[in-house]
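Both backbone and side-chain heavy atoms feed into the values below; hydrogens, waters and symmetry mates do not. Just so we're on the same page: letters track the sequence lines, and every chain starts at 1.
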Amino acid sequence: MANTELSKTEFIKLLQQANHPVSNVDLSDKIMRKIQIIDLKNKVYDKYIRSSWFFIALATILAVKGISVLTLVESTFAQWTNSLIPGLSEIVTFTLLSALAGLIFYQLNNLITQRMAN
Amino acid sequence: MNDQFYIQKVIEGDVESFRFLIDRYKDKAFSVTFSIIRNEVYCEDIVQESFIKAYTNIKTFRGDASFSTWLMRIVVNESFKVLRRKKLENNYQIEATETNELELNTSLKLIKEEEQKIYIDKTLKQMPQREALVLELFYLNDMRLKEMEEIMELNSDHIKVLLHRSRKLFFSILKQELQHEVKTLI
């Protein structure tokens with residue numbers, strides 16, 4: 001039977017005639033820019049967000065713990081502190097809760113700032 | 001410098017080293033994507049996405065296959081993902097029939113060069129994507145069956161069958177496209 005097939009080289013030549021667009025010259029730059037953004041986001045995430053979540057979680061636990069402990073020992077604590085200086089228990093409780101709230105707000109602010117920057 | 005050198009540098013944190021890998025493989029990635037998608041706008045996005053995926057997963061590259069093969073597998077997967085999402089698949093069935101390739105090639109040569117390009121383009125556009133891809137990998141990228149196995153996740157027997165079918169299909173479609181021309185020229 002007569003061979004009716006083109007040789008591999010001839011077939012390649014035929015296929016090469018098709019339109020073979022090449023990539024844009026800027027493609028490398030575009031990809032590198034995107035990669036740099038991804039890298040920066042990862043670094044920001046590692047530096048701020050991950051640690052912020054850790055602090056927020058820690059602050060929440062402390063707050064919950066703090067409230068329950070305060071409730072339990074409140075009367076004893078209040079009695080003792082008030083016996084030293086009248087009204088001291090309220091001041092100490094207020095200072096502790098303010099510090100805790102301040103820490104939470106500080107970390108939340110960090111989170112929001114980073115989100116806005118992105 | 002071989003690919004492994006740059007890969008190691010990227011893993012160690014030198015982001016700029018990845019540029020060498022992009023420059024080395026972007027054209028190959030583009031032509032492989034184009035053989036599947038046949039749309040330059042989508043191709044650029046797919047190539048970008050594939051390189052970004054390769055970068056973010058570079059630590060998982062074990063070096064069992066070459067970087068080129070690993071990257072092309074990502075490119076092919078991304079291309080087919082877009083193909084399905086954008087519903088660009090060629091769903092119509094074309095029957096692959098026995099064609100006298102030599103005769104067809106001779107007829108084709110009688111047409112102006114510019115028109116030849118148009119016919120071949122049209123033919124490739126009509127081919128099912130998987131078939132067009134095997135032609136691109138085997139004939140235009142000169143890939144070995146082993147590499148194609150890894151890229152397409154098929155065994156070599158399946159690829160051989162696919163290659164044979166693709167070639168037959170290419171000439172069947174080309175014959176259809178040239179029908180009017182052939183009638184007048186043969």
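In this structure, the separation between CG on B:Leu135 and CZ on B:Phe170 is 7.5 Å, given to the nearest 0.5 Å.
Put simply, the side chain of B:Gln4 reaches to within 4.5 Å of the side chain of B:Phe61, judged on heavy atoms.
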**OP:** Using the ring-ring contact (aromatic ring centres under 6.0 Å, His included) rule, take A:Phe11 and B:Phe171 through it: C-alpha gap first, then chi angles, then the decisive distance, then the call.
**Re:** CA-CA 10 Å; A:Phe11 188 46; B:Phe171 284 104; 5.3 Å; yes
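Within 6.0 Å of atom CG in A:Leu84, more than 12 heavy atoms from other residues, nucleotides or ligands are found, so the atom counts as buried in its surroundings.
With a 4.5 Å cut-off on non-hydrogen atoms, A:Ile38 touches chain B through its side chain but not through its backbone.
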Table up the donor-acceptor pairs between chain B and chain A that sit under 3.5 Å, atom names plus distance.
| residue | atom | partner | partner atom | Å |
| --- | --- | --- | --- | --- |
| B:Glu16 | OE2 | A:Gln36 | NE2 | 3.3 |
| B:Arg19 | NH1 | A:Asp29 | OD1 | 2.7 |
| B:Asp23 | OD1 | A:Ser28 | OG | 2.5 |
| B:Lys26 | NZ | A:Ser28 | OG | 3.4 |
| B:Asp27 | OD1 | A:Ser23 | OG | 2.6 |
| B:Glu44 | OE2 | A:Lys30 | NZ | 2.6 |
| B:Gln48 | OE1 | A:Lys34 | NZ | 2.9 |
| B:Tyr55 | OH | A:Asp39 | OD1 | 2.8 |
| B:Tyr55 | OH | A:Asp39 | OD2 | 3.3 |
| B:Glu101 | N | A:Thr4 | O | 2.9 |
| B:Glu101 | OE1 | A:Leu6 | N | 2.8 |
| B:Leu102 | N | A:Thr4 | O | 3.1 |
| B:Gln116 | OE1 | A:Gln17 | NE2 | 3.4 |
| B:Asp121 | OD1 | A:Asn19 | N | 2.9 |
| B:Arg167 | NH2 | A:Leu6 | O | 2.5 |

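Residue A:Pro21 comes nearest to B:Phe30 through the heavy atom pair O-CD2, 3.3 Å, listed as atom of the first residue, atom of the second, then distance.
A:Leu15 and B:Met148 end up in the same hydrophobic cluster when Ile, Leu, Val, Met, Phe, Trp and Tyr side chains are linked at under 4.5 Å.
Residue with the most contacts toward chain A among B:Val47, B:Leu124, B:Ile22: B:Ile22 (heavy-atom pairs, distance under 4.5 Å).
Not a single salt bridge (charged side-chain N to carboxylate O under 4.0 Å, His left out) links B:Asp157 to another residue, sequence neighbours left out.
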